[in-house]
Asks: 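Before I ask anything, here is the structure I am working with.
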Amino acid sequence: MELEDLIFGLNKLPCRYRLHTLAPQAPNNWSDWIICPVKGIIETGCDGPFAFHQVTAIEIDPIEKKWTGKRVPEQEVDHSREIIQLLQQTSVSYKKEKGMFCLEGFVG
């Protein structure tokens with residue numbers, strides 16, 4: 001599986017994504033989607049497009065928060081299992097810290 005295929009699979013999950021780039025700035029904003037519009041390019045709803053070689057890491061928040069109503073507590077759904085299944089099909093290295101996935105080692 002190539003990185004584009006991984007991104008396609010991740011985008012099907014209701015998670016949040018954040019790109020870390022080579023630009024000397026704080027991490028970019030969280031977004032509800034991530035795509036590869038063309039081979040070698042990645043973007044989120046808040047940032048991009050960036051070439052793969054400009055991205056140093058991708059952060060994934062695996063927790064989906066479902067709002068039902070004012071008087072009902074938010075329901076949290078953990079999509080970690082699905083993310084790990086996708087990652088096991090690639091050579092992308094990742095770590096999980098404080099509940100967040102951080103994908104690294106795929107940029108040139």
Side-chain angles (χ1 to χ4, degrees):
M1 177 186 286
E2 292 188 32
L3 184 56
E4 287 91 351
D5 299 323
L6 173 63
I7 299 301
F8 180 77
L10 288 172
N11 193 42
K12 292 180 179 181
L13 299 174
C15 299
R16 295 184 322 136
Y17 309 92
R18 179 164 62 179
L19 301 177
H20 293 258
T21 63
L22 293 173
Q25 63 190 33
N28 293 315
N29 298 314
W30 286 100
S31 174
D32 292 334
W33 56 265
I34 187 168
I35 60 170
C36 289
V38 294
K39 190 169 181 66
I41 302 294
I42 189 170
E43 67 179 289
T44 67
C46 297
D47 298 296
F50 297 104
F52 284 170
H53 70 270
Q54 295 174 297
V55 178
T56 57
I58 301 170
E59 253 185 298
I60 304 170
D61 179 357
I63 306 298
E64 171 191 10
K65 295 183 179 177
K66 291 185 175 185
W67 185 81
T68 307
K70 288 186 214 178
R71 298 176 189 242
V72 180
E74 270 187 339
Q75 180 184 6
E76 292 188 351
V77 180
D78 188 347
H79 294 281
S80 294
R81 184 177 303 191
E82 295 99 315
I83 293 170
I84 290 170
Q85 287 175 345
L86 286 168
L87 289 168
Q88 287 175 340
Q89 299 174 32
T90 70
S91 59
V92 175
S93 64
Y94 71 94
K95 58 186 173 186
K96 188 172 181 185
E97 290 181 357
K98 298 180 183 174
M100 303 287 183
F101 286 88
C102 185
L103 285 54
E104 301 173 321
F106 55 86
V107 294

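Just so it is clear, the model here is predicted, and its values are computed rather than measured. What's counted below: heavy atoms across the whole structure, side chains too, no hydrogens, waters or symmetry copies.
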Asks: Can you tell whether the side chains of E64 and R16 come within less than 4.0 Å, N to carboxylate O?
Replies: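 No salt bridge links E64 with R16.
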
Asks: Would you say I60 and I63 are hydrophobically clustered, going by side-chain heavy atoms of ILVMFWY under 4.5 Å?
Replies: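 No, I60 does not connect to I63 through the hydrophobic network.
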
Asks: Is L6 linked to I41 within one hydrophobic cluster, defined over Ile, Leu, Val, Met, Phe, Trp and Tyr using a side-chain heavy-atom separation of less than 4.5 Å?
Replies: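 Cluster IDs for L6 and I41 differ.
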
Asks: Given 3.5 Å as the limit, does a donor-acceptor pair link the side chain of T44 with the main chain of I34, or not?
Replies: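 Not a single qualifying donor-acceptor pair exists.
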
Asks: Output yes when a side-chain donor or acceptor of D47 lies under 3.5 Å from a complementary backbone atom of N29, and no otherwise.
Replies: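 Yes, the answer is positive, given that a donor and an acceptor are paired below the 3.5 Å cut-off.
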
Asks: Could you pull out the closest heavy-atom pair between H79 and C15, with the gap in Å?
Replies: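 So the minimum-distance heavy-atom pair works out to CB-SG, 3.9 Å.
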
Asks: Rounded to the nearest 0.5 Å, how far apart are SG of C46 and CG of N28?
Replies: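 Between atom SG of C46 and atom CG of N28 there are 8.5 Å.
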
Asks: Please say yes or no: joined through hydrophobic side-chain contacts below 4.5 Å, possibly via intermediate residues, are W33 and I58 part of one cluster?
Replies: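 As far as the 4.5 Å side-chain criterion goes, I58 and W33 are not connected within one cluster.
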
Asks: Does any N or O in the side chain of T21 come within less than 3.5 Å of the main-chain N or O of V55, such that one atom is a donor and the other an acceptor?
Replies: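 Side chain of T21 to backbone of V55, a donor-acceptor pair under 3.5 Å: no, none is there.
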
Asks: To the nearest 0.5 angstrom, please state how far the CD1 atom of I84 sits from the NZ atom of K96.
Replies: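 If I round to the nearest 0.5 Å, the distance is 5.5 Å.
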
Asks: If only atom types and distance count, is the side chain of Y17 paired as donor or acceptor with the main-chain N or O of L10 below 3.5 Å?
Replies: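 Yes.
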
Asks: Determine, stepwise, if the pair K95 / E104 fulfils side chain to side chain contact (heavy atoms under 4.5 Å, CB included).
Replies: CA-CA 8 Å; K95 58 186 173 186; E104 301 173 321; 3.9 Å; yes

Asks: Could you state the interatomic distance from CD (E59) to CZ (R18), rounded to the nearest 0.5 Å?
Replies: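 Those atoms lie 4.0 Å apart.
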
Asks: Working to the nearest 0.5 angstrom, can you tell me the gap between L86 CG and K12 NZ?
Replies: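 Those atoms lie 9.0 Å apart.
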
Asks: Can you see which heavy atom on S31 is nearest to which on G45, and at what distance?
Replies: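 The answer is OG-N, 2.7 Å.
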
Asks: Are any side-chain N or O atoms of Q54 and backbone N or O atoms of A51, one a donor and one an acceptor, separated by less than 3.5 Å?
Replies: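 Confirmed, Q54 side chain pairs with A51 backbone.
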
Asks: Look up atom CD1 in I42 and atom NE2 in H53, then write down how far apart they are to the nearest 0.5 Å.
Replies: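 Those atoms lie 13.0 Å apart.
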
Asks: If I compare all heavy atoms of M100 with all of W30, which pair ends up nearest, and what's the gap?
Replies: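 Reported closest heavy-atom pair: SD-CH2, 4.0 Å.
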
Asks: Closest heavy-atom contact between L87 and F101?
Replies: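 Looking at all heavy atoms of both residues, the closest pair is CD1-CD2, 4.1 Å.
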
Asks: Nearest 0.5 Å please: distance from the CZ atom of F8 over to the SG atom of C36.
Replies: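 The distance works out to 11.0 Å.
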
Asks: Do you know the tightest heavy-atom contact between G40 and E4?
Replies: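 Taking every non-hydrogen atom into account, N-OE2, 2.9 Å.
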
